[in-house]
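Lettering of chains follows the sequences in order, A, B, ..., and the numbering in each one begins at 1. Predicted model, so just to flag it, every value in this text is computed and none were measured.
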Amino acid sequence: MSGILERRLLTRDRGAGVLERLWRIPWGFVLLLCAVAGVGYVALLSAGSGDADLYANRHALRFGFCLVLMLAVGMLDIRLIRRCAWLAYAGTLGLLVLVALHGEVGKGAQRWIDLGPMQLQPSELMKIALVLALAAWFSRASFERIGNPLFLLPPAVAVLLPVLLIYRQPNLGTALIVAMLGAVMFWAAGVRWWKFALAGVLAAAAAPIVYDNLRDYQRQRILTFLDPESDPLGAGYNIIQSKIALGSGGIWGKGFLQGTQGALNFLPEKQTDFIFTLIAEEFGLIGAATALGLLMLVVAFCFLTALRCRHHFGRLLAVGLGTNYFLYIFVNVAMVTGSIPVGGVPLPLISHGGSAMLTVMLGFGLLIAVHLHRDAELGAVRE
Amino acid sequence: MRGVKRAEEQRRNVFLRRALILAGAQAAAFGFLGWRLYRLQVEEGARFATLAEENRLSARLISPPRGRILDRNGHVVAGNRLNWRALLLAEEARDVTATLETFQRIIPLSEAERARIERELRRRRRFVPVILREFLTWEEMARIEVNAPDLPGILIDVGTTRVYPEGEHLAHVVGYVAPPAERDMDGDPLLSLPGVRVGRAGIERHHEAVLRGRAGTVQLEVNALGRVIRELDRREGIPGQDVEISIDTELQKQVRARCAEGTSVVVMNARSGEVLAMVSQPSFDPNIFNAGVSAAQWRQWTAGRSTPLINKTTNGLYAPGSTFKMVVALAALEARVTTPGERIPCPGHFDLGDTRFHCWNRFGHGAVDMRSAIKVSCDVYFYEMARRVGINRIAAMARRFGLGVDLDIELPGVRRGLIPTREWREQQGQPWSMGDTIVHGIGQGFYQLTPLALCTMTARLATGRAVQPHLTRAIGGRPVRGARAEDWPPLGIPERDLRLMRDAMWAVVNEPGGTAIASRLPATQGQMAGKTGTTQVRRVSREQRERGFNVQNLPREWRPHALFVGYAPADNPLFAVSVVVEHGTSGSGAAAPLARDVLADTLQRFRISPPAPRIAERS
């Protein structure tokens, strides 16, 4: 009886007390995130050869800030979130255009906006904004309506626009991830199999054209991936050294701060893209599998939230957010194990770096909002 | 409203189904990552662990000091000197170009040096020092130190370099070192170290393995750039061992001072075979090889006839001429084709069919026995002896005296020389004629012998034992060979015959009429014995002979070589000597006086007091 009452309080009364909502926050999930960030802290301590001031402390500080932001976002009303979804999308798209025009040039690509202490990559933010916008778009559509190609046209444009902008930066890896994220949202919303097949055929037909337009370094990455040993001191160096570091960790690892590949700089960008390698080298298969397990739990929580949610907006949002984090993890770990071409994708919450952490923490804020409002009555199918 | 509810239900079911598929796919992806980790960390873990160690560890070699070469008195004739070098460490120089400019104002660098430095600076990593200048003097070092504040990144360090204090006096014996070439690579990792030198000639080359020592190793931990992080393990190498040679540097210098260009002298301890002096003129300064030989220097060394790089005592080949006559005499005695007392008439020539062979004295020597044939060096007597003995028995006897065979001398590339035989000539597709045998009776013809071999022959004549010439006395402080006459096996020639030879050789120097009577030792130093030799380098034609041939009128390079072999003291042989003066015209005129002076120097150097003078006794 009290459960129903509470549910009503939350669903009907927007002004439910802040304390009440704080109480409802899934603290276990927050703790899980803290554990993941803790793994990151230890790994970054090692990346700094034991010097916490180098990476680890800044990582902790940044995580603390993002944690507060996440909780604040989590307290927002889900209806407000849905109402602002397209606004957020439009804003982020604007940032992408801005970056294309005036962005800081870093690593040969225009990707960053300088915000003083932190640099912002709008392409990261776009992942959240896109999930939000697509969830909002599909939340009121019936299954039949989704079958209407005209209805699918605006969201398809909404996916392709940022994908093109990011690809032009040029950042092929992120562009592909955004495209995949969009595809997953379409899939979760119920778009028919054959439409994916059609899109797949079109993409395959376009692949040679895309390859011709790739930058040299992007082509090199693909070629290097196909045969990393062919260029052991050049482009294949990263993959080989990463595999050596991983493999030499063995089952039990070399021990904290005992890794040689990272400490002696054989491992490139060990504090960002290759942080997982560092964990695997020093803590072995045990440590790497544990870290992977924690990350999997985070993704699993997203799916559980989706399944528990009683409104379609929340479901789609949760699945999209979970998939977003999953893609980070999969691409990064597959990359460092030499399973897919190297593509500059960090491991958020563990890697050193702000944009990706801000992005996923914003996403988890939204997820908490979904969790808090899982029984809210919104988004009935519109005829 | 019911429709809405059904639609809601429908899309929820679709979503649930697809969300589960999605979750399943993602779980499978995690499984894939786990499998990848298992593959890399467990199945291939050992391989990658090895690769990681290889990445991390770098073994470097430390070169051991090269062993020194000492003479018989412990005097260093090849040593190591500290080599002060100026290095540039690019990463510590704020501005490499500016630092180089400043350095160049203090110590001028040549265009070539400048080019080498810039090439190395481009090629090497910034923490690897580049050598700017080697062999700094104290004055140059002081100038660098004073200007140190203006020279960031310039360091002075010290290595070693080979130094030969006696320079060209001992160059042929001691040899020299040079950076290893491809063919020197014998698998010793030490040879790959920069700055390492290998022996190229002489003792340096022969005792290379002993002198070189063994490299030590340092295990270093390096980072990805190759910078050394720390030293993990150090194993010191084994220093090269000192080699003591039998040369007496003082004697060597005295002998050298007496020798003109084209002269070779070997002085040997007749009993032990130890070589006391070995002079080949002209010589060269082996120190030049250290810094690298310039093209001009090399041309100067190799062009022309003087060949300073060649040790003529071991690599110069000469016909022995009359110095060979004792061998022919002994061969005749052993073959019993004559007796010491048999007298052979010498009319000044020897006819074989239509061919006439001349004696050096065209008026003839009258009837000569063996002793006087040697004393006056009668050619006709030995033409006749050769005719009776035949070339092969002469050759066999020659080989017993160390001629035309490999000697045990510790020098690389020593020439064996040539003692012809009938078979040797036939192998060349030529018949051996009696005329050939006749000519070879007086040491002319195809013979090719080194001064060292002639000295060995003399020592064997003096001792009757198969003395082997050698240079090494001790390695690492331990004596190497026996140094007494008893260490060598007897030649197996009757003592009576040998005594006859020695008596004849004594007569050559000490009896009126002997070819070297003008070259007696000063009375205070006792007596020496010996044999002169004069070998034609060109055939003397009949017309020349009839016109009154005089060698003094010939251009220098057509004049005969002058030879002398001898030993002293005559009644108790201790030292053997051989002298070859190229184009010296006459053995008695050029070689014998030099041999006398050399033996006098040797006797004095070793403080051998003369015994009571021996009275000449005629037989």
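A distance of 10.5 Å separates CD in A:Q241 from CZ in B:F48, rounded to the nearest 0.5 Å. Here the CG-CG distance, from B:L33 to A:N332, works out to 9.5 Å after rounding to the nearest 0.5 Å. Rounding to the nearest 0.5 Å places CG of B:L40 at 10.0 Å from OG1 of A:T277. The distance from the CG atom of B:L20 to the CG atom of A:L307 is 6.0 Å, given to the nearest 0.5 Å. Atoms NE2 and CZ, on A:H312 and B:R11 in that order, are 4.5 Å from each other to the nearest 0.5 Å.
With a 4.5 angstrom heavy-atom cutoff, A:F276 touches chain B only via side-chain atoms. Interface residue A:V299: only side-chain heavy atoms are found under 4.5 Å from chain B. With a 4.5 angstrom heavy-atom cutoff, A:W193 touches chain B via backbone and side-chain atoms both. For chain A, the nearby parts of B:Y38 are the backbone and the side chain; heavy atoms of each come within less than 4.5 Å. When heavy atoms are compared at a cutoff of 4.5 Å, B:R47 does not approach chain A at all. Residue B:Q26 touches chain A through both its backbone and its side chain, counting heavy-atom pairs closer than 4.5 Å. With a threshold of 4.5 angstrom between heavy atoms, A:V333 approaches chain B through its backbone and through its side chain.
Residue-environment remark: CZ (B:R114) exceeds the threshold of 12 foreign heavy atoms within 6.0 Å. Other residues, nucleotides and ligands place more than 12 heavy atoms under 6.0 Å from the CD atom of B:E101.
Checked against a 6.0 Å centroid threshold, the rings of B:F30 and A:F330 do not count as neighbours.
Counting only heavy atoms from C-beta outward, the side chains of B:L22 and A:F326 never approach each other to under 4.5 Å. Side-chain atoms of A:K243 and B:E44, non-hydrogen and from C-beta on, never get closer than 4.5 Å to each other.
Closest of all the heavy-atom pairs between B:A49 and A:S248 is CA-CB, 3.5 Å. Between B:Q41 and A:A280, the shortest heavy-atom contact is NE2-O, 3.1 Å. Among all heavy-atom pairs drawn from A:R192 and B:R18, the shortest one is CA-NH2, 4.0 Å. Shortest non-hydrogen contact noted between B:F15 and A:A188 is CD1-O, 3.5 Å.
Among the candidates A:L292, A:L316, A:V184, the residue making the largest number of heavy-atom pairs closer than 4.5 Å to chain B is A:L292.
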